Amino acid sequence: MLHSSTRARALSGVVLALTLVTSLPTLLRAQRAVPDSAAQDSTRKARALNPVVTTATRDQRELRKLPVSITVIDTNTLGRTSTVSLTEALRTVPGVIAGNLFGGDDVRLSIRGSGARGGFGVRGVGLLLDGVPITEPDGQTRLDQLDLGAARSIEIVRGPGSAMYGGAASGGVVNVITRSGREMQGVSVRMTGGGFGFDSVNLRKVDVSAGGARGAFDGYLQASNTDLKGMRVQNKNDMQRANVRLNWTRQEDGRAAPAATATRIGLDASYSDLDMQIPGSLTDAGWRDEPWTADPLNVTGAYGRREQRWRFGARASQGLGTRFGSLDAFAFGTARTIQHPIFRFVDQNTHRVQGGVRHAIGFGSTDAVAVRLNTGLDVDRWYGDSRQWTNVAGTQGRATPCVNDRVANIVRTECTNQYVVLPSVGTYTSADVTHGKLTFTAGARYDKVTFDIDDRIRPNMSVKQSFDQVSPRAAVRYDVRPGVSVYSSVARGFEVPTNSELTASPDTIRGLNTELRPSSLVNYEVGAKALVASRVLFDAAIYRTNVTGEFLSRTVVIPGVQFPRTIYENVGRTRRTGLELSATTLVAPWMDVVTSYTYAHYVMTEFRGTEINAQGQSVTVDYAGKLIPGVPQHRAAAEVRLRPTTALNLTVWGEAQGATYVDNANTSRGTIYTQVTRTGAAPLIVPVPFSAVPGYALAHATISWRLPEVHGARTGTSRAELFLNVENLLDKRYAAALATNSGNGRFYYPGAGRSFNAGVTLSTGGR
């Protein structure tokens with residue numbers, strides 16, 4: 001809850017925003033709405049209702065012709081956000097929950113339940129940047145490499161993508177596509193500032209982009225600086241990023257060569273520097289009454305993350321002629337350093353090399369039988385040093401030994417010293433066979449991931465373990481009539497535990513959680529896509545997913561250890577049943593409406609876990625029939641885009657979701673018993689009240705005004721656009737994300753109250 005003075009200033013901001021909204025009729029009378037020309041409207045419909053996508057099949061296909069649930073977020077939608085957090089861009093995507101933990105780059109991203117348990121980073125969802133995986137071989141993804149200021153569009157595949165992208169994509173795939181120099185020619189500067197009132201600025205972001213093309217070459221440069229101070233104590237997020245893309249496209253007679261023989265080579269480089277503070281989760285009373293506070297242990301331990309990452313790579317594609325198809329390849333290298341004070345002080349220096357090659361070929365014709373084949377190979381290797389120390393106020397504790405094993409004569413101030421190698425290899429093939437109105441798709445991928453952990457303190461605890469699986473997929477699509485199709489699919493997916501999850505031991509003796517195993521799933525789905533009157537794109541999907549060994553997180557308090565620890569365990573069997581509906585409606589040339597609804601009924605059908613009772617004893621509980629915590633059963637969203645004049649744009653978002661359980665027992669209101677460690681004494685058993693998160697509804701709005709263009713003989717066309725965004729317009733109290741099954745009663749990450757950000761975008765030259 002904001003302080004009274006801040007709330008008063010925030011309310012004045014809402015009045016200002018509402019004044020702008022209510023003045024629309026006057027603006028309409030002053031400046032007549034200008035409908036799109038026929039050419040503009042045709043282009044708009046093509047982009048909104050049938051974009052060309054690459055994620056689902058690794059080559060370009062029309063959205064309506066894919067037997068898979070997929071959503072595309074276009075440039076215009078991205079431009080209506082602050083470009084700070086991925087959560088803003090994914091609000092209206094069915095089946096997706098994107099909750100902000102405490103900063104722009106810490107997003108809890110879940111697709112169809114996969115990833116809902118993640119303590120940090122993204123799990124169960126494959127993240128791609130221009131089609132190249134940035135998810136690491138063990139399935140862990142950090143979002144510091146993604147700057148939405150450089151994004152052209154985002155493609156979201158819902159449902160298992162393991163048949164194309166391996167074990168990291170058991171729940172789905174998110175592909176962020178960046179701009180090129182041909183798409184963005186000129187220079188653009190976007191400056192954003194905002195906060196929770198008008199007495200201070202909590203957000204500053206400066207984003208600079210430049211692009212151009214000459215002959216066969218084009219280049220794009222983007223750099224940004226983000227300074228974000230959240231509403232909570234111990235809640236800062238400073239980020240610097242830079243991205244460079246250089247492309248060469250072979251030309252013939254001054255034009256790009258035909259697709260059948262085209263040659264394209266691209267070089268990419270990026271840098272990110274993150275300095276983040278972590279406030280942690282709160283108790284039920286905390287997030288309701290004092291959401292600006294932080295976990296006291298996080299403050300004492302100065303929890304945070306300081307990370308630098310460098311990424312370099314090359315992409316190439318070559319058309320081999322109409323008879324031999326095309327060949328694509330990529331190779332990237334990444335270096336990363338991280339200092340991460342949490343329950344221990346984590347210090348890592350890691351590297352990654354990855355590459356892939358894909359061959360695509362098509363033959364035949366739609367008059368008879370048309371066949372398209374995709375075959376590829378991905379290789380990946382993540383390696384480096386990982387050390388942990390006692391966390392002393394955010395610094396490495398070197399005063400007293402962390403390991404004191406007098407029997408083995410081992411005394412070390414380091415808690416952990418490991419050299420970790422995570423190699424993986426995946427090979428895949430898929431085929432599409434089309435005859436008339438019927439298309440059959442079949443494919444499979446084989447993956448092998450190896451964990452090679454060399455323990456330098458206790459060599460006998462070193463481990464080398466491999467996990468492998470074949471992930472098949474089959475689908476059939478039938479074109480009922482032009483613009484209307486139905487499909488059915490079955491696919492298998494799998495997910496390996498991450499290195500962090502394996503090394504999160506449930507006690508102080510074992511260095512690894514050796515009981516943790518991979519999870520696997522089988523997904524059955526039917527869906528339909530319909531284009532109505534060239535104005536409405538409707539998408540529906542019903543699915544049933546059977547999961548074996550699903551991961552759930554649990555926070556435990558270990559006697560003699562100061563900080564609680566999050567560990568992971570496998571659920572025996574779960575069943576996910578879901579319905580997803582979405583519609584994009586081009587109501588008029590000046591109005592678009594996007595709506596979505598998600599029903600998710602995820603049940604643990606076979607699982608026995610543990611709880612701590614009032615006496616501090618660990619008891620076994622049968623959770624069969626209980627819902628998986630952290631996922632609401634109902635969620636709906638809507639986006640209304642208005643263009644009353646050629647210069648004015650107004651967008652209003654609404655999102656609502658049902659109640660969400662935080663524990664395996666699906667407790668509506670109860671008490672958890674947590675253990676508090678005391679030096680020289682038995683742990684103290686403390687009761688902590690908690691409850692399920694009630695349903696909530698949020699509203700957001702943005703308005704932008706494009707000023708008249710200025711034409712100069714030397715500078716070309718100069719443009720300026722003013723914008724104002726209001727998040728959580730009605731200042732609702734809600735939990736943005738959850739730490740499910742928390743052993744210390746801190747389940748809740750509070751969402752921010754009403755906040756504003758405003759700024760200006762200046763551009764010159766180019767298009």
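Predicted model, so just to flag it, every value in this text is computed and none were measured.
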### Task
Decide yes or no on side chain to side chain contact (heavy atoms under 4.5 Å, CB included) for Phe747 and Val693, but give the supporting numbers first.
CA-CA 10 Å; Phe747 295 97; Val693 176; over 6 Å; no

From [atom1] ([X]) to [atom2] ([Y]), nearest 0.5 Å:
{"X": "Glu727", "Y": "Leu203", "atom1": "CD", "atom2": "CG", "value": "10.5 Å"}
{"X": "His601", "Y": "His634", "atom1": "NE2", "atom2": "NE2", "value": "10.0 Å"}
{"X": "Asn202", "Y": "Lys236", "atom1": "CG", "atom2": "NZ", "value": "10.5 Å"}
{"X": "Thr584", "Y": "Asp74", "atom1": "OG1", "atom2": "CG", "value": "9.0 Å"}
{"X": "Asn243", "Y": "Tyr220", "atom1": "CG", "atom2": "OH", "value": "8.0 Å"}
{"X": "Asn100", "Y": "Thr87", "atom1": "CG", "atom2": "OG1", "value": "5.0 Å"}

### Query
Regarding Arg190 and the six-membered ring of Phe723, is the cationic atom NZ or CZ under 6.0 Å from the ring centre and inside 45° of its axis?
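That pair qualifies as a cation-pi contact.
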
Minimum heavy-atom separation for [X] and [Y], please, with both atom names.
{"X": "Glu721", "Y": "Ser704", "result": "OE2-OG, 3.3 Å"}
{"X": "Arg232", "Y": "Pro750", "result": "NH1-CD, 3.7 Å"}
{"X": "Gly493", "Y": "Ser162", "result": "CA-OG, 3.4 Å"}
{"X": "Gly658", "Y": "Pro632", "result": "O-CB, 3.7 Å"}
{"X": "Ala638", "Y": "Thr595", "result": "CB-CG2, 4.1 Å"}

### Task
Just do the side chain to side chain contact (heavy atoms under 4.5 Å, CB included) check on Ser170 and Phe494 with the steps written out, would you?
CA-CA 5 Å; Ser170 63; Phe494 81 106; over 6 Å; no

### Residue list, ring-ring contact (aromatic ring centres under 6.0 Å, His included) with Phe312, at least two apart or on another chain
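Phe312: no ring-ring contact (aromatic ring centres under 6.0 Å, His included) contacts found.
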
### Query
Can you list the steps and then say if Gln277 with Asn237 is a side chain to side chain donor-acceptor pair (under 3.5 Å)?
CA-CA 6 Å; Gln277 294 178 329; Asn237 188 330; over 6 Å; no

Under 3.5 Å, is there a donor-acceptor pair between the side chain of [X] and the main chain of [Y]?
{"X": "Ser110", "Y": "Ser114", "result": "yes"}
{"X": "His351", "Y": "Thr334", "result": "no"}
{"X": "Thr83", "Y": "Leu148", "result": "no"}
{"X": "Thr81", "Y": "Leu78", "result": "yes"}
{"X": "Lys205", "Y": "Leu228", "result": "no"}
{"X": "Arg204", "Y": "Gly193", "result": "no"}
{"X": "Ser596", "Y": "Thr92", "result": "yes"}
{"X": "Lys529", "Y": "Leu66", "result": "yes"}
{"X": "Ser763", "Y": "Ser188", "result": "no"}

### Query
Does a donor on one side chain and an acceptor on the other come within less than 3.5 Å for Asp207 and Gln222?
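Present: a donor and an acceptor within the cut-off.
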
Under-4.0 Å salt bridge between [X] and [Y]:
{"X": "Arg91", "Y": "Glu655", "value": "yes"}
{"X": "Arg576", "Y": "Glu550", "value": "yes"}
{"X": "Asp144", "Y": "Arg336", "value": "no"}
{"X": "Arg241", "Y": "Asp273", "value": "no"}

### Query
Got a sec, which residues hit salt bridge (Lys or Arg N to Asp or Glu O under 4.0 Å) with Arg315, two or more places apart in sequence or on another chain?
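Scan of Arg315 (salt bridge (Lys or Arg N to Asp or Glu O under 4.0 Å), adjacent residues dropped) gives Asp268.
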
### Task
Using the test salt bridge (Lys or Arg N to Asp or Glu O under 4.0 Å), find all partners of Glu525 that sit at least two apart in sequence or belong to another chain.
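Result, salt bridge (Lys or Arg N to Asp or Glu O under 4.0 Å) vs Glu525: Arg112.
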
### Query
Between Gln234 and Asn298, does a side chain to side chain donor-acceptor pair (under 3.5 Å) hold up when you go through it step by step?
CA-CA 8 Å; Gln234 181 78 14; Asn298 286 45; over 6 Å; no

### Message
As a quick check of understanding, evaluate side chain to side chain donor-acceptor pair (under 3.5 Å) for Ser424 and Asp380, giving each step before the final call.
### Response
CA-CA 5 Å; Ser424 71; Asp380 208 335; 4.6 Å; no

### Message
Set out, in order, the CA-CA distance, both residues' side-chain angles and the distance that settles salt bridge (Lys or Arg N to Asp or Glu O under 4.0 Å) for Arg245 and Asp130, then state yes or no.
### Response
CA-CA 11 Å; Arg245 296 189 66 185; Asp130 294 314; 3.8 Å; yes

### Task
Please step through side chain to side chain contact (heavy atoms under 4.5 Å, CB included) for the pair Val174 and Ile154, ending with a clear verdict.
CA-CA 7 Å; Val174 176; Ile154 303 176; 3.7 Å; yes

### Geometric class of the Phe332/Phe330 ring pair [parallel <30°, tilted 30-60°, perpendicular >60°]
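Tilted: the ring planes of Phe330 and Phe332 meet at 30° to 60°.
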
### Query
Hey, mind stepping through Thr71 and Arg158 against side chain to side chain donor-acceptor pair (under 3.5 Å) and telling me if it holds?
CA-CA 8 Å; Thr71 302; Arg158 308 186 305 278; 2.7 Å; yes

### Query
side-chain hydrogen bond (donor to acceptor under 3.5 Å, both in side chains) with Arg80: which of Asn649, Thr702, Asn725, Thr651?
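Passing option: Thr651.
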
### Message
Would Val125 and Val173 count as a side chain to side chain contact (heavy atoms under 4.5 Å, CB included) here? Give the steps.
### Response
CA-CA 6 Å; Val125 178; Val173 183; 6.0 Å; no

### Query
Name the one of Tyr749, Tyr696, Tyr748 that satisfies ring pair (Phe, Tyr, Trp, His ring centres under 6.0 Å) with Tyr734?
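Looking at Tyr749, Tyr696, Tyr748, the match for Tyr734 under the ring pair (Phe, Tyr, Trp, His ring centres under 6.0 Å) is Tyr696.
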
